[in-house]
Amino acid sequence: MDKIKIQFVLNGETRQVEVEPDLLLIDLLRERLGLTGTKVGCGEGDCGACTVLLNGKNVNSCLLLAARVNGCEVVTVEGLGSYDKLHPLQEAFIAEGAVQCGFCTPGMLLSAKSLLDVNARPTREEIARHIAGNLCRCTGYTKIINAIEKVACADRHCACSREAEEGR
Amino acid sequence: MPFVYHAPRTLENLFATLDSLEQYSLLAGGTDLIVKWKEKLIDPKAVVDINGIAAMKGIEECPHCFSIGALVTHYEITASARLRAAATALYEAAGEVGSPQIRHIATIGGNIVNASPAADTAPALLALNAEAEIQSRTGISAILVADLFTGTGRTCLKPGQIISRIKVPASGQNQGSAFVKFGKRKALAIAVVNGAAWITIDGDKIKDVRLAMGAVAPTPIRLLAIEDWLRGQTLAASTFKTAGTMAEKLVRPISDIRSSAEYRGDLARQVVIRALETAARRAKGGCACG
């Protein structure tokens, strides 16, 4: 089977790789390039554990042929922050207790980033709607939404009233 | 079995590629295709990735209509203020498909060609009287989206034919449309029943109307008998209620893992009532999106 040469920007770095026609993006990232932060869950686009950003938008990497990212920009959780300098969303997830088993967290963080990049001040409902494709079986979502809201509020220096929100 | 991958960049190259292949699957968003392939429901010898074809992209506004590229994603539809205002049912349906991740990738052309009886954009396109542009090496023709479906998972497209664009009439003065979906949850739910209504009003009367419904038959369907009855009726809750009862009697849904046939009948009634009410309110309000 002929391999396909692709070039794409991965976490800010231009990469050139040869891929089989039936290689999925998730397998390219995890097995070939060693980026195991992106998780394999259902493999059918239902759980969102495999979420990455494709040209800034959250997508399921388990449903994308690797060949399709030719010429595109891909961001995985490894491109979000580093051990020395966490992304504000990662800081907020820790501070708010939004991480339990952690399996959904990489995808959750990237879905949150794709939302805040286009909507800096989302409502709680908008946050919930935007992470609807990311399943979490531990937290019950409340703390995850709190964490995302915290970053949205910090960015805008707004006085965000948690008491008011809890009434919803 | 692995497949050969083709990625033509123009329609001309696409048709040349299709001509050279014995058997192929077209790859647009891939959110249905890749799942079917993983589950070994399909085993394509060749996958033709059409995502590079510019002629199948973009939302263009023509006089009194929109031309939507088959590769336009559900996300792009939900981001269009013009579609929200003048093709409201489609805007609403696109926002109900899958999840944000799916909507960023999945295309309107794929949603139609996949020919699921429960496809969310289908009832909206039927109610809006949308046409699909069928293109092949030999030329281009148009067909009502309503006439495209021949059975569950089947369309009248022949090998070598593709849908390149979808033409959606724009709603104007005294017109409105609405989409209603019942699913088991708010995201990633295949519709138990969905439906859409388009209405033109004249004072307090219904001048013209189209009603469509999904997941109650092998294909998305128009409810023509109810439309006939509704024309000329007065805009009133009792009219919509009668139309709903007619729908419950008219449709012949099946029982499956998502619902019993009986419950689908109940939902069909509610879908018709709610879709008509909302579409009528929008037609009266002057603003299609209210």
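Proteins get letters first, then strands, A, B, ... in listed order; numbering begins at 1 in each.
- More than 12 heavy atoms of other residues, nucleotides or ligands sit less than 6.0 Å from atom CD of B:Gln23.
- With a 4.5 angstrom heavy-atom cutoff, A:Leu64 touches chain B only via side-chain atoms.
- Under the 3.5 Å distance criterion, with hydrogens and angles disregarded, no donor-acceptor pair is assigned to the side chains of A:Gln7 and A:Asn70.
- With hydrogens and angles disregarded, a donor-acceptor distance shorter than 3.5 Å links the side chain of B:Glu92 to the backbone of B:Phe179.
- Neither the backbone nor the side chain of B:Leu33 comes within less than 4.5 Å of any heavy atom of chain A.
- Side-chain atoms of A:Thr123 and A:Glu125 include no donor-acceptor pair closer than 3.5 Å.
- For B:His6 and B:Asp49, the side-chain atoms include no donor-acceptor pair closer than 3.5 Å.
- Close approach to chain B, defined as a heavy atom under 4.5 Å from one of its heavy atoms, is seen in A:Arg129, A:His130, A:Ala132, A:Gly133, A:Asn134, A:Leu135 of residues 127-138 of chain A, taken by number.
- One N or O on the side chain of B:Arg282 and one on the backbone of B:Ser177 form a donor-acceptor pair closer than 3.5 Å.
- With no hydrogens or angles considered, a side-chain donor-acceptor pair links B:Thr121 and B:Asn111 at under 3.5 Å.
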